[in-house]
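Accompanying notes for the structure given below.
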Number of protein chains: 2
Amino acid sequence: MTSDGRVARGDRTRRAVLDTAVALATEVGLDGLSLGQLADRLEVSKSGLFAHWRSKEALQLATVDRAVAQWQERIIEPALRAPRGVRRLQALHEARIDFYAARVLPGGCFFANTEFEYNARPGPIRDRLAEAFQRWTAFLERLVQEAVDLGELPADLDVAQLAYEIDAFGISAVMRSRLLDPDTTYRHARLGLLNRLRALSPNPTLLTEGPS
Amino acid sequence: MTSDGRVARGDRTRRAVLDTAVALATEVGLDGLSLGQLADRLEVSKSGLFAHWRSKEALQLATVDRAVAQWQERIIEPALRAPRGVRRLQALHEARIDFYAARVLPGGCFFANTEFEYNARPGPIRDRLAEAFQRWTAFLERLVQEAVDLGELPADLDVAQLAYEIDAFGISAVMRSRLLDPDTTYRHARLGLLNRLRALSPNPTLLTEGPS
DNA sequence: AATTAATACGACCGGTCGGTCTTATTTTGG
DNA sequence: CCAAAATAAGACCGACCGGTCGTATTAATT
């Protein structure tokens with residue numbers, strides 16, 4: 001790294017390593033991730049990885065952080081370009097399903113896979129995952145609250161409840177898409193939110209049928 | 001095994017092994033399941049396991065089957081004691097959440113964990129999981145259809161859509177319960193279905209608030 | 001009671017894992 | 001142009017993995 005503000009060459013390679021690690025961990029698990037295989041795929045030596053991260057766990061934690069950044073870039077930021085309210089909520093849900101449907105990560109969803117992998121393993125990795133999930137939940141609830149504040153959803157709405165249901169539809173989408181017909185699965189995930197918002201919204205014309 | 005119909009002693013030990021395997025695999029993953037650790041926990045030798053199953057994969061497949069049987073005994077059969085219709089649907093959902101809340105398996109849900117673990121790994125294990133999940137989905141849809149046939153749900157209801165949402169609430173429950181407050185999570189999972197059924201049912205008095 | 005059949009055991013095999021260390025190569029600064 | 005410092009490489013370590021095999025113990029049969 002350079003001492004001034006420029007992005008050092010090492011930071012680029014560092015991010016390339018972590019992108020590969022995210023993709024690989026999504027397929028074989030964050031625990032099943034082998035440093036030897038990761039090094040092979042990157043065409044570097046295994047000891048080179050230890051020069052950047054002092055242990056496998058350190059690299060795993062950095063991998064979680066990189067996955068958070070990818071989620072931000074690929075799903076949250078596009079959704080924030082939609083106008084506030086139910087349309088932004090719908091845009092977020094659609095962006096997430098599109099992300100799954102596009103098979104950006106061949107292994108499905110890094111967070112879904114990893115959270116189920118570590119839900120019975122206390123430790124730094126699960127703590128980091130829990131932290132990320134809490135932020136995601138808070139973000140979802142904030143978007144629902146905005147729609148309420150705009151009068152697009154009822155004032156007495158149970159905000160956390162709707163946020164729970166939205167996330168549930170997303171989680172189920174990525175799981176079922178591997179076991180049942182993907183198109184049917186994604187349609188259920190989309191319709192789940194659409195029907196719910198239409199039932200709640202005093203102005204259903206805001207909501208579009210197709211992907212945003 | 002005996003040649004006649006009696007249950008041999010070996011079948012009992014076989015089931016005991018598989019029960020332990022289900023519990024262990026739910027914690028560390030069906031792939032991460034170590035035959036050495038399993039043998040240690042059972043206080044038998046590792047080679048003894050290979051006398052009953054010719055390979056690790058054979059034992060993993062038997063473990064999936066045993067988990068299916070546990071799900072049948074613990075969740076489906078109790079729910080079938082409730083009267084047909086929306087009350088049976090609700091009973092099934094409650095039994096599932098109770099099963100999670102009781103921490104019967106310390107690792108959470110065998111199927112949720114394992115399906116996310118194998119969703120990017122084609123092979124016999126994923127095939128077996130997919131088969132089990134298809135039967136589960138068909139069963140859920142059958143129960144919804146029964147409620148429609150009884151007139152307790154609208155005749156034009158999208159049966160598969162409601163089944164999708166019910167399962168989504170269950171999946172999310174077991175995942176979030178490890179990362180956020182469990183009681184809040186279970187309440188969201190219960191209310192998700194309850195609100196949905198109340199909005200759909202022409203006879204909401206059938207539905208009870210508390211656990212069945 | 002003696003022989004046979006079945007069973008359970010633990011040492012052992014090749015391979016892969018995370019991690020270390022010594023060596024060779026490249027880059028940098030004067 | 002050379003010395004010094006940083007970097008990458010690959011051999012190597014102990015631990016654990018799935019799986020095998022010869023042996024000792026138990027159970028069943030006559």
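Residue numbers begin at 1 in each chain, while the letters A, B, ... track the order of the sequences. Values in this document were obtained by computation on a predicted structure and should not be read as measured data. Every heavy atom of this structure was used, including side-chain atoms; hydrogens, water molecules and symmetry mates were not.
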- Is A:Lys46 side chain donor-acceptor paired with the C:dG19 base, going by distance under 3.5 Å alone? yes
- Item | B:Tyr164 and A:His188 aromatic ring geometry - parallel, tilted or perpendicular at 30°/60° bounds | tilted
- Across the strands shown, which category fits A:Leu33 at heavy-atom distances under 4.0 angstrom: base, sugar-phosphate, nothing? sugar-phosphate
- Query: D:dC17 P sits how many Å from B:Glu57 CD, rounded?
  - Reply: 19 Å
- Message: For A:Ala101, give me all partners under side-chain contact (heavy atoms from CB on, under 4.5 Å), at least two apart in sequence or on another chain.
- Response: A:Tyr186
- Report the distance from atom CH2 of B:Trp53 to atom C1' of D:dT20, rounded to the nearest whole Å. 18 Å
- Expressed in angstrom and rounded to an integer, what is the separation of A:Lys56 atom NZ from C:dG18 atom C1'? 7 Å
- Note on the structure: Comparing A:Ser47 with A:Ser34, nearest DNA chain C nucleotide closer to 5' gives the residue A:Ser34
- Would you tell me whether B:Glu27 and B:Asn113 have side-chain atoms, one donor and one acceptor, within less than 3.5 Å of each other? no
- Message: Taking any heavy-atom pair under 4.0 Å as a contact, classify A:Leu59: base, sugar-phosphate, or nothing.
- Response: nothing
- Task: Round to the nearest Å and state the distance from A:Leu35 atom CG to C:dT20 atom P.
- Result: 11 Å
- Message: Applying salt bridge (Lys or Arg N to Asp or Glu O under 4.0 Å) to B:Arg84 and B:Asp149, what does each step give before you reach the verdict?
- Response: CA-CA 10 Å; B:Arg84 274 195 167 76; B:Asp149 293 342; over 6 Å; no
- Message: I need the CG-P distance between A:Leu42 and D:dT7, as an integer number of Å.
- Response: 18 Å
- Note on the structure: Taken to the nearest whole Å, CZ/B:Phe50 to C1'/C:dT7 is 17 Å
- Separation of atom CG in B:Asp31 from atom P in D:dC17, rounded to whole Å: 12 Å
- Message: Over all strands shown, is B:Gln37 touching base, sugar-phosphate only, or nothing at heavy-atom distances under 4.0 angstrom?
- Response: sugar-phosphate
- Query: Side-chain donor or acceptor of B:Ser45 under 3.5 Å from a matching atom on the base of C:dG10?
  - Reply: no
- Task: Take the protein atom CG of B:Asp40 and the nucleotide atom C1' of D:dA15, then report the distance between them rounded to whole Å.
- Result: 15 Å
- Item | Set of side-chain contact (heavy atoms from CB on, under 4.5 Å) partners for B:Ala51, sequence neighbours left out | none
